[in-house]
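Report on the following structure.
Remember, it's a predicted structure, so these values are computed and weren't measured experimentally. Just so it is clear, the values below take in all heavy atoms, side chains as well, and ignore hydrogens, waters and symmetry mates. This chain uses plain numbering: 1 for the first residue, then up along the sequence.
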Amino acid sequence: AGADIAAEATPHAIRLDRAVLRLAPAAESRAQRQDGPVISLAGEAQRGQGAWTTTLRAHLDRVPMADLPDHWPPGVGENARVWLTENISAGTARNGNITLRATIPPNIEEAEVTGVTGTMEVENFTVHWLRPVPPVEGVNATAEFGTREITVRVRSGRQHATALQVRGATLRFYDLGGEPGMADLDIRMGGPVPDVVSVLRHPRLDLTDRLRTMPELAGNAQDIRLRLVFPLIKRMTIQDLRMNTEARVTELRVSRAVLGRDLERATADLTADMEGMRVQGQGVLAEIPVRANVEMDFRNGPNGQVLSRESLTGRADVRQLAG
């Protein structure tokens, strides 16, 4: 849409003192009558041994995340580019500072990016962390770029259609120079226990049948850590996914835990992965202090396989036993 450029060139060197590029907005931004991104560039190039060695420093601002595919060149971190452009939407990237190094031979199609570093602030964007599980929304984060790794450090956000609040997360994309590259998502959140269970019961995690008999739960998960590791491939199956969850739960109530009585005022620690779930804690059942232990097996097995084992241990006086 417009440019302001100051540069000097000789047959063997180019110095770009300043280039301010005002890009035309992409289709979605035009529909919303938003201005396009502004990119400021500076850099230099030296010619030697038949190729140009180039360093380019870029500052970009006001880039809608929905337009990211139009501004991220294909072939640069391709697996991460595909995953991020397909799974991150809404929001705006601001205050981006990126340094790119490249070697450009006479045949420009053979140009090679030799290094990428940089940082960027992202406001109010949406992350589909495991489609079609509902996304995390309203995310504010800082992204750090490298040649073979991209790290997004999330400060805040919320899980869609729940009261779960993201209290911090690290989204790491690594081995980007190889095939297919990997993603390691480490998410910390807190909120109501029923919302945690609703996420674990999503069919995409393939745990629905195992959790169908879980009793009604109420309480507050103070500290949940959800970690997902998977390859950056389009047709990922549940077998490609590694998942681990840890949670600290307070004021937990388990309806009709034993003989129709509720387990109340409980505190528990929960761990779960693709093979099973374990819960250990303590609470009160019919005014009797008890310790609780639950083990659930998610693995496929024979018809006689023990899928769940629960135990309560406590010491009661005669009055409590009569009750």
Side-chain angles (χ1 to χ4, degrees), residues 21 23-32 34-39 56 58-100 102 111 113 115-154 157 159-160 166 169-187 204 228-237 240-241:
L21 310 179
L23 303 186
E28 184 171 332
S29 294
R30 285 198 303 271
Q32 299 175 7
Q34 295 177 347
D35 293 332
V38 176
I39 300 179
L56 188 65
H59 176 83
L60 60 158
D61 197 23
R62 218 166 56 210
V63 179
M65 295 303 293
D67 297 346
L68 188 60
D70 297 322
H71 305 304
W72 186 334
V76 178
E78 184 61 21
N79 293 318
R81 177 185 182 274
V82 170
W83 194 93
L84 289 169
T85 55
E86 289 183 353
N87 292 285
I88 292 184
S89 60
T92 304
R94 298 189 182 278
N95 196 30
N97 293 286
I98 300 172
T99 299
L100 184 145
V113 176
V116 178
T117 58
T119 61
M120 183 182 299
E121 294 291 324
V122 187
E123 299 175 353
N124 198 32
F125 73 98
T126 298
V127 181
H128 292 268
W129 52 275
L130 189 65
R131 289 182 185 270
V133 177
V136 175
E137 300 172 322
V139 175
N140 296 300
T142 301
E144 300 175 4
F145 299 88
T147 307
R148 297 180 178 273
E149 185 169 317
I150 298 172
T151 302
V152 182
R153 304 187 190 281
V154 176
Q159 179 67 34
H160 175 76
V166 175
T170 301
L171 316 181
R172 179 172 168 253
F173 306 90
Y174 60 99
D175 286 349
L176 300 182
E179 288 291 340
M182 296 292 294
D184 185 340
L185 313 185
D186 191 347
I187 305 169
R204 183 68 173 92
L228 303 167
V229 180
F230 53 88
L232 295 172
I233 54 179
K234 288 187 176 181
R235 298 183 180 274
M236 188 186 72
T237 66
D240 298 316
L241 175 69

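- Between Phe125 and Ala141 the shortest heavy-atom distance is CE2-CB, 3.9 Å.
- Tested against Asn95 for a side chain to side chain contact (heavy atoms under 4.5 Å, CB included), the candidates His59, Glu123, Arg62 yield a single pass: His59.
- A distance of 5.0 Å separates CZ of Arg131 from CG of Asn87, quoted to the nearest 0.5 Å.
- In this structure, Asp184 and Phe173 have side chains that are not in contact, with every pair of non-hydrogen atoms separated by 4.5 Å or more.
- Counting heavy atoms from C-beta outward, Thr117 and Ile98 have side chains that stay 4.5 Å or more apart.
- Scanning both residues, Leu185 and Phe230, for their nearest heavy atoms gives CD1-CE2, 3.9 Å.
- Remark: side-chain polar atoms of Asp240 are not paired, donor with acceptor, to backbone N or O of Met236 under 3.5 angstrom.
- Expressed to the nearest 0.5 Å, how far CZ of Arg153 lies from OG1 of Thr151 amounts to 5.5 Å.
- Here the closest heavy-atom approach between residue Ser89 and residue Met65 is recorded as C-CB, 4.3 Å.
- Taking 4.5 Å as the limit, every side-chain heavy atom of Val154 sits out of range of all side-chain heavy atoms of Val122.
- The closest side-chain heavy-atom distance from Thr126 to Val139 is not below 4.5 Å.
- Here the side chains of Met120 and Phe145 are in contact, with some heavy-atom distance below 4.5 Å.
- Although no hydrogens or angles enter the test, the distance criterion places no donor-acceptor pair under 3.5 Å between the side chain of Glu137 and the main chain of Gly157.
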Discussion item. With side-chain contact (heavy atoms from CB on, under 4.5 Å) as the criterion, how do Glu86 and Leu84 come out once you've worked through the C-alpha distance, each side chain's angles and the decisive distance to 0.1 Å?
Written reply: CA-CA 5 Å; Glu86 289 183 353; Leu84 289 169; over 6 Å; no

Worksheet item: Stepwise, does the side-chain contact (heavy atoms from CB on, under 4.5 Å) test hold for His128 with Trp83?
Response: CA-CA 10 Å; His128 292 268; Trp83 194 93; over 6 Å; no

Discussion item. Could you go through Ile39 and Leu23, starting from their C-alpha distance and side-chain angles, then the distance that decides it, and tell me whether this counts as side-chain contact (heavy atoms from CB on, under 4.5 Å)?
Written reply: CA-CA 8 Å; Ile39 300 179; Leu23 303 186; 3.6 Å; yes

Discussion item. Applying side-chain contact (heavy atoms from CB on, under 4.5 Å) to Ile187 and Val166, what does each step give before you reach the verdict?
Written reply: CA-CA 7 Å; Ile187 305 169; Val166 175; 4.3 Å; yes

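- Nearest heavy atom pair, residue Asn124 against residue Asn140, reads N-OD1, 3.1 Å.
- In this structure, CZ in Arg172 is found 12.0 Å from CD in Glu144, a value given to the nearest 0.5 Å.
- Contact check for Val113 versus Leu100: side-chain heavy atoms found under the 4.5 Å cut-off.
- For Glu149 against Tyr174, the heavy-atom pair with the smallest separation is OE1-CB, 3.9 Å.
- Counting heavy atoms from C-beta outward, Leu241 and Leu130 have side chains that approach closer than 4.5 Å.
- Taking every heavy atom of both residues into account, Arg204 and Pro132 meet most closely at CD-CD, 3.4 Å.
- Looking only at side-chain heavy atoms (C-beta outward), Ile150 and Leu176 come within less than 4.5 Å of each other.
- A side-chain donor-acceptor contact under 3.5 Å links Glu121 and Thr142.
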